[in-house]
Amino acid sequence: MFIVDSQVHIWREETPDRPWVPGARERLRLNGHREEAFSYAECVGLMNEAGREPRADPAAILGG
């Protein structure tokens, strides 16, 4: 059995109701991350496309 322990960060788009902390977009850019929101649905879709079976720990999902 091959087991991989990994984590994926997902985030919502910045909105007036849920602003990102000042400088967050710049930090994403400087660290080579995409600036657009990355949803759970998109993440699962990419994992399925790659033939991976996604698993999630509901206790680790914050912010809805």
Side-chain angles (χ1 to χ4, degrees):
M1 177 185 296
F2 182 72
I3 298 174
V4 175
D5 181 15
S6 65
Q7 65 181 22
V8 177
H9 296 267
I10 58 176
W11 61 93
R12 293 186 205 171
E13 188 58 61
E14 181 176 30
T15 65
D17 313 0
R18 189 182 168 99
W20 290 1
V21 296
R25 197 170 294 277
E26 180 66 17
R27 283 198 314 269
L28 286 170
R29 188 178 312 113
L30 291 173
N31 287 302
H33 298 292
R34 63 191 255 175
E35 296 178 48
E36 303 83 28
F38 186 58
S39 69
Y40 176 77
E42 182 179 1
C43 179
V44 169
L46 290 170
M47 291 176 80
N48 288 336
E49 207 175 281
R52 302 294 92 182
E53 186 176 343
R55 298 275 187 224
D57 176 0
I61 300 172
L62 304 175

Quiz prompt | Gap separating the CZ atom of R18 from the CD atom of E13, nearest 0.5 angstrom | solution = 11.5 Å

Exercise. Nearest 0.5 Å please: distance from the CD atom of E36 over to the CD atom of E14.
Key: 13.0 Å

Exercise. Write down the atom of I10, the atom of Y40, and the distance for their closest heavy-atom approach.
Key: CD1-CB, 3.8 Å

Quiz item: Given side chains that start at C-beta, do those of W11 and R34 come closer than 4.5 Å, heavy atoms only?
Solution: yes

Quiz item: Is there a donor-acceptor pair closer than 3.5 Å between any side-chain N or O of R27 and the backbone N or O of L30?
Solution: no

Quiz item: Is there a donor-acceptor pair closer than 3.5 Å between any side-chain N or O of R12 and the backbone N or O of S39?
Solution: no

Quiz item: Taking C-beta and beyond as the side chain, do T15 and W20 meet within less than 4.5 Å on heavy atoms?
Solution: no

